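As structure tokens, the structure follows; a few thoughts come after it.
Since we're looking at a predicted model, the values are computed, not measured.
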Amino acid sequence: MEITGDLRKAVCLEWWGTGPRGVGSRETKRRGSEDDSSDSELELSAVRHQPEGLDQLQAQTKFTKKELQSLYRGFKNECPTGLVDEDTFKLIYSQFFPQGDATTYAHFLFNAFDADGNGAIRFEDFVVGLSILLRGTVHEKLKWAFNLYDINKDGYITKEEMLAIMKSIYDMMGRHTYPILREDAPLEHVERFFQKMDRNQDGVVTIDEFLETCQKDENIMSSMQLFENVI
């Protein structure tokens with residue numbers, strides 16, 4: 001079962017905070033040229049976001065102060081304002097999947113990280129989400145996954161929401177996967193998902209149904225173990 005396959009992909013976000021990418025150097029050069037004027041500098045300082053203190057972030061996450069400092073340096077290098085808008089997020093994330101179109105999946109992932117729904121990811125949002133994905137309990141990771149699939153945040157996963165996520169994942173992986181994926185593969189995945197998850201057959205999956213079924217699935221539990229001690 002592939003219910004948590006997209007979570008594994010989210011681990012690559014760790015490199016956003018700690019590893020080099022071609023897009024980072026281009027963005028830095030572009031922003032550098034924009035900041036040559038004093039007007040740009042004043043505008044930038046006006047919107048710059050100051051993150052919470054290290055002690056508070058350490059209490060909220062499972063990262064050490066040293067790890068948080070390293071992640072913050074990488075975050076600020078990519079996003080000098082301290083905030084990541086959706087377009088920047090899509091640009092960064094698409095570098096990991098050049099063989100496909102990651103735009104739609106990045107949109108869903110952005111909304112999952114944008115905890116307060118204000119259209120921007122703060123450093124706090126980023127490290128709290130990353131801490132759950134990499135070092136959270138199985139329960140925490142599954143709740144995060146449920147939130148990703150629950151696109152409209154009404155507490156339920158519908159077939160339409162699951163199909164939208166599945167299509168975006170297949171688009172992101174590209175047409176050159178092996179074995180070659182059929183056009184109806186996302187829909188088949190959704191039907192299998194609901195057959196297993198929707199216990200009362202009311203057409204939606206609740207958080208309780210999701211958690212109970214996932215924790216009884218050996219494949220999902222094995223997938224969750226991959227996140228332990230990654231950093």
Side-chain angles (χ1 to χ4, degrees), residues 1-16 61-63 67 93 96-97 99-100 102 104-106 108-113 127-231:
M1 189 174 180
E2 300 167 353
I3 183 67
T4 55
D6 46 23
L7 281 179
R8 187 180 296 110
K9 300 176 185 67
V11 174
C12 71
L13 287 170
E14 176 198 354
W15 292 98
W16 189 6
T61 67
K62 296 183 180 179
F63 295 127
E67 288 168 337
Y93 201 78
F96 297 106
F97 300 93
Q99 76 279 15
T104 304
Y105 182 76
F108 295 135
L109 193 61
F110 177 88
N111 288 338
F113 272 94
V127 293
V128 168
L130 194 63
S131 176
I132 292 173
L133 288 174
L134 297 181
R135 295 182 180 172
T137 64
V138 168
H139 185 82
E140 289 170 337
K141 292 171 185 175
L142 289 174
K143 286 184 65 177
W144 195 95
F146 183 90
N147 180 62
L148 173 67
Y149 288 115
D150 179 16
I151 296 174
N152 66 359
K153 312 306 179 193
D154 65 350
Y156 302 95
I157 300 175
T158 65
K159 284 189 176 182
E160 291 76 17
E161 288 174 321
M162 175 58 63
L163 184 58
I165 296 286
M166 287 298 106
K167 284 183 175 179
S168 72
I169 292 173
Y170 280 76
D171 288 342
M172 179 173 64
M173 300 311 294
R175 300 297 180 183
H176 305 293
T177 56
Y178 182 84
I180 298 174
L181 300 173
R182 302 189 313 277
E183 291 291 333
D184 59 352
L187 182 58
E188 287 186 3
H189 180 100
V190 172
E191 292 298 334
R192 290 197 306 271
F193 173 87
F194 269 81
Q195 185 177 10
K196 180 175 287 191
M197 296 272 183
D198 186 12
R199 297 297 182 86
N200 61 359
Q201 298 184 341
D202 62 351
V204 297
V205 173
T206 65
I207 182 65
D208 290 335
E209 289 174 324
F210 185 85
L211 292 173
E212 182 181 354
T213 306
C214 286
Q215 291 181 88
K216 291 180 180 179
D217 190 296
E218 293 182 2
N219 292 331
I220 294 176
M221 291 300 97
S222 296
S223 176
M224 289 298 172
Q225 297 301 317
L226 295 175
F227 295 101
E228 295 184 359
N229 301 319
V230 173
I231 295 183

Name all pairs fulfilling the salt bridge (charged side-chain N to carboxylate O under 4.0 Å, His left out) condition that reach into residues 207-216, sequence neighbours left out, sorted by first residue then second.
Arg199-Glu212, Glu212-Lys216
Report yes if the side chains of [X] and [Y] come closer than 4.5 Å at any heavy-atom pair, otherwise no.
{"X": "Asn111", "Y": "Ile151", "value": "no"}
{"X": "Tyr93", "Y": "Tyr105", "value": "yes"}
{"X": "Lys159", "Y": "Phe193", "value": "no"}
{"X": "Asp217", "Y": "Lys196", "value": "yes"}
{"X": "Ile169", "Y": "Phe108", "value": "no"}
{"X": "Glu161", "Y": "Val205", "value": "no"}
{"X": "Asp150", "Y": "Leu148", "value": "no"}

Taking ring-ring contact (aromatic ring centres under 6.0 Å, His included) as the definition, give me every residue that meets it alongside Phe146, ordered by chain and number, with sequence neighbours left out.
Phe210
Does Tyr156 have more than 12 heavy atoms from other residues, nucleotides or ligands lying within 6.0 Å of its OH?
no
When you look at NZ of Lys62, are more than 12 heavy atoms from neighbouring residues, nucleotides or ligands closer to it than 6.0 Å?
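Yes.
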Nearest heavy-atom pair of [X] and [Y]: which atoms, and what distance?
{"X": "Gly203", "Y": "Phe194", "answer": "O-CE2, 3.5 Å"}
{"X": "Lys141", "Y": "Leu134", "answer": "NZ-O, 4.3 Å"}
{"X": "Met172", "Y": "Ala102", "answer": "CG-CB, 3.7 Å"}

When rounded to the nearest 0.5 angstrom, what distance separates [atom1] in [X] from [atom2] in [Y]?
{"X": "Thr104", "Y": "Leu109", "atom1": "OG1", "atom2": "CG", "result": "12.5 Å"}
{"X": "Leu187", "Y": "Arg192", "atom1": "CG", "atom2": "CZ", "result": "10.0 Å"}
{"X": "Asn152", "Y": "Ile157", "atom1": "CG", "atom2": "CD1", "result": "10.5 Å"}
{"X": "Leu130", "Y": "Thr61", "atom1": "CG", "atom2": "OG1", "result": "9.5 Å"}
{"X": "Met197", "Y": "Met162", "atom1": "CE", "atom2": "CE", "result": "7.5 Å"}

Glu140 (side chain) donor-acceptor with Ile132 (main chain) under 3.5 angstrom:
no
